2 protein chains.
Amino acid sequence: MAIDKKSTITIKDIAGELGISASTVSRALANSPLVKPETREAVQALAKKYNFQPNYTALSLRSNQTKTIGVIIPQIVHNFFSLVIRGIEDYSYSQGYSVIVSSSQEIYEREVMDSRTLLAGRVDGLLACISKETGNYDHLNEFVDRNIPLVLFDRAPEKVNATKVVIDDFQAAYLATSHLIEKECRKISYIGGPENLNIYKRRFEGFKAALKDQNVAFHPEIVVHCESEDFDECVDATAKVTGSTFDGLFATTDIMAIAAIKNIKKKGWKIPEDVAVIGFSNWPISSIYEPSVSTIDQPGYEMGRRSAQLLIEQIKDKENISIKKDILPVELIERESSKRA
Amino acid sequence: MAIDKKSTITIKDIAGELGISASTVSRALANSPLVKPETREAVQALAKKYNFQPNYTALSLRSNQTKTIGVIIPQIVHNFFSLVIRGIEDYSYSQGYSVIVSSSQEIYEREVMDSRTLLAGRVDGLLACISKETGNYDHLNEFVDRNIPLVLFDRAPEKVNATKVVIDDFQAAYLATSHLIEKECRKISYIGGPENLNIYKRRFEGFKAALKDQNVAFHPEIVVHCESEDFDECVDATAKVTGSTFDGLFATTDIMAIAAIKNIKKKGWKIPEDVAVIGFSNWPISSIYEPSVSTIDQPGYEMGRRSAQLLIEQIKDKENISIKKDILPVELIERESSKRA
DNA sequence: TATTCTAATGAAAACGTTTGCAAGTCTTTT
DNA sequence: AAAAGACTTGCAAACGTTTTCATTAGAATA
């Protein structure tokens, strides 16, 4: 292979060929009124001929901004999060920003390391969703302290004073639970995610509040908090619950809902006749599975878009960063698993 | 908010405070033997105290490399591709490279635009998987012509002379089909993806070759090529096939396999007793669905890792780029949908 | 004591841009 | 015809590094 010297041409090359200075070329390219129309046209024609692309790195160095935003996400192989990323990308690219994604794999140390790496001059701002393990927020507060734009989404700890984009988990769980009560359920099982994550804590609270407000008894023996997202482990964890009887079940994840359904089927109980079930997140599988699973649709794409928008606003006006909290609406989707008169 | 002047410190700041020159600081930080041990220690101590991080952009400008690789992928909300991305990220980060991902959303124009954007000085090399629409490869050949490292994965057109990481689609389909024949299937339906994509063309060829080699008749009336990946559309498309009878079905996607299963169930045919089914890709849903679906496991994570590895090798030795073709092994996973004596 | 060698440091250039300032050439005005 | 103004352009600095080359001071040699 040949060595690719001069495969990429610079402003100086154009200047040289035209016998003018680099400054004039720069101005001509920027359509500055300071340059004579003929000069401008000559420059632009040559730039086009050579397919000139300004060197991004040089631009960054001069302007002290990378036009890149960083994203830290717990998992990438995950329907909800990949939707979020798509939203982030769509908006960012439309604004001329690139996106660097790094996934912590739900490991606290990786999250800390990644945030430091990104902070080291690679990005103009950060979008983050904390891992399940994360209990210490120093690495995030460092952004706040140094006045570097930061937006937290979905799993957003109260303790960090940054802009947040979330759903109202309490309200969403309240909605799901009320849906079951409306379907005549009077003894409802709860299958939740790890309670140390705020979102699951709040969903549990929403569940209990809905019961209380509507005078339905709470039964601790049919409550399970499941740590894992692995399907088989969910099946094992939810098996505990089918030791008792119940007529409704709310799971904070569609995967858990389906795991529970598997156990319910095994018992010979009919869905939705004997037990009505509702999940959470509206994963693709919930509409394909049989029975199709009622769920709470979580607007992942919108969450990504909105987070990116708020972040880029902050980047563009760093002097006046104001902390916001955006709560996105959720929607209940009724499917076979809870459809009954 | 306060203005963050000097929130980030440079080599010059350290030099100033120590009353030495920037060059010495640079050398001290690099542990050069040219600097006096005391000087080196003083510099390093101060760097540590201020948590000095070298400016990435300046480094890039000087060294003419961004330590970033670009990835163009058709979709990000897709189990296989997100696995690939994870593989790419894991390897790249381990080598000190960042990753910029952009998804074409299966749109040719976006793919072209994204490749141009990334080419414009943002990345040291590109990893790409073409969209379903892509039939013209000029944008990729531009990389080859300009000697910029490029690795194609999964959907890799023959016409581009670049390193490729793929699975042997012919062989994989041959394997799946032979599995059905082994299970006593003698009239096998084929549900494929769009034929203009090489991978589907080759899977179809593998399917037909397996039939021929084992003297099983090919029945064109139970063949469907389905354009969409949307589940409901797949259900509609595969319905055509259940107009005839058959005792085996091979689908080139798990989603299509499940769509077909839905139609088969509707007919009242038993799986696997009346019809044995096998899919392709080993999506999570295929193990959760009832019946669980036999499939060909496609090593997405490995494909990502390997692609990144080959790309980074090329980046590190641009003078001697050699074109390789890596074919990753697939594995047949037998589940309920084809399990019979 | 004069010369050479070695060790440590600094000055400056370079990477590719943008932009404030100075300077040049024409026109216009008085 | 001289001064002022309007247009164009170029020079140089700056962004934060690394690295080549030159320089200094001191030590070793003759």
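Below, chains carry the letters A, B, ... as their sequence lines are ordered, and counting in each starts from 1. None of these values were measured; they are calculated from a predicted model.
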Could you state the CZ-P distance from B:Arg40 to C:dT9, rounded to the nearest angstrom?
11 Å
How many whole angstroms separate atom CG of B:Asn31 from atom P of C:dA8?
14 Å
Hey, does A:Leu34 reach any base, or is it just sugar-phosphate, or nothing, if we go heavy atoms under 4.0 Å?
base
Given atom NZ of B:Lys67 and atom P of C:dC15, what is their separation to the nearest angstrom?
21 Å
Atom CG of B:Leu328 and atom CG of B:Asp326: how far apart are they, to the nearest 0.5 Å?
6.0 Å
Hey, can you pull the donor-acceptor pairs under 3.5 Å for the side chains in residues 126-133 of chain B, sequence neighbours left out?
{"unit_1": "B:Ser131", "atom_1": "OG", "unit_2": "B:Glu133", "atom_2": "N", "d": "3.1"}
{"unit_1": "B:Ser131", "atom_1": "OG", "unit_2": "B:Thr134", "atom_2": "N", "d": "3.2"}
{"unit_1": "B:Ser131", "atom_1": "OG", "unit_2": "B:Thr134", "atom_2": "OG1", "d": "2.8"}
{"unit_1": "B:Glu133", "atom_1": "OE1", "unit_2": "B:Tyr108", "atom_2": "N", "d": "2.9"}

Hey, does the side chain of A:Lys12 come within less than 4.0 Å of C:dT17's phosphate (OP1/OP2), counting only N and O?
no
Nearest-nucleotide comparison on DNA chain C, the residue closer to the 5′ end among B:Gly19 and A:Phe52:
B:Gly19
Could you tell me which non-hydrogen atom of B:Gly70 sits nearest to which non-hydrogen atom of B:Val123, and how far apart they are?
N-CG1, 3.5 Å
Between A:Leu29 and B:Ile20, which is nearer to the 5' end of DNA chain C once each is assigned its nearest nucleotide?
B:Ile20
Which whole-number value in Å describes the distance from A:Asn64 CG to D:dC15 P?
10 Å
Side chains of B:Tyr301 and B:Asp90, donor plus acceptor under 3.5 Å:
yes
Quick one: is C:dT18 close enough that its OP1 or OP2 comes under 4.0 Å of any side-chain N or O from A:Ser26?
yes
Angle between the two end axes of the helix from C:dT1-D:dA30 to C:dT30-D:dA1, five base pairs per end, rounded to 10 degrees?
70°
Validation row: B:Arg27, B:Ser23 side chains within 4.5 angstrom (heavy atoms)
yes
Quick one: sort the A:His78 and A:Phe80 rings into parallel, tilted or perpendicular, breaks at 30° and 60°.
perpendicular
Rounded off to whole Å, could you give me the CG-to-P distance for the A:Leu61 and C:dT19 pair?
14 Å
Nucleotide N/O of nucleotides 21-28 of chain D paired with protein N/O under 3.5 Å:
none

Could one point to a donor on the side chain of A:Ser23 or the base of D:dC11 with an acceptor on the other under 3.5 Å away?
yes
Applying a 4.0 Å non-hydrogen cut-off, can you work out what B:Ile11 is touching in the nucleic acid: base, sugar-phosphate, or nothing?
sugar-phosphate
Between A:Glu158 and A:Lys325, does any NZ, NE, NH1 or NH2 come within less than 4.0 Å of an OD or OE carboxylate oxygen?
yes
Please report, rounded to the nearest Å, how far the P atom of D:dA14 is from the CG atom of B:Asn55.
17 Å
Tell me whether A:Thr66 contacts the main-chain N or O of A:Arg122 through its side chain, where contact means a donor paired with an acceptor under 3.5 Å.
yes
What is the separation between atom CZ on B:Arg62 and atom P on C:dA12, rounded to the nearest whole Å?
16 Å
Expressed as a whole number of angstroms, how long is the span from A:Leu59:CG to C:dG16:P?
13 Å
Less than 4.5 Å apart, side chain to side chain, heavy atoms only: is that true for B:Phe153 and B:Arg306?
no
Can you name the one residue among A:Asn198, A:Leu197, A:Val166 that meets side chain to side chain contact (heavy atoms under 4.5 Å, CB included) with A:Arg155?
A:Leu197
Are any of B:Ser21's side-chain N or O atoms less than 4.0 Å away from OP1 or OP2 of C:dA11?
no
Select base, sugar-phosphate, or nothing to describe what A:Thr39 touches, counting heavy atoms under 4.0 Å on all strands.
sugar-phosphate
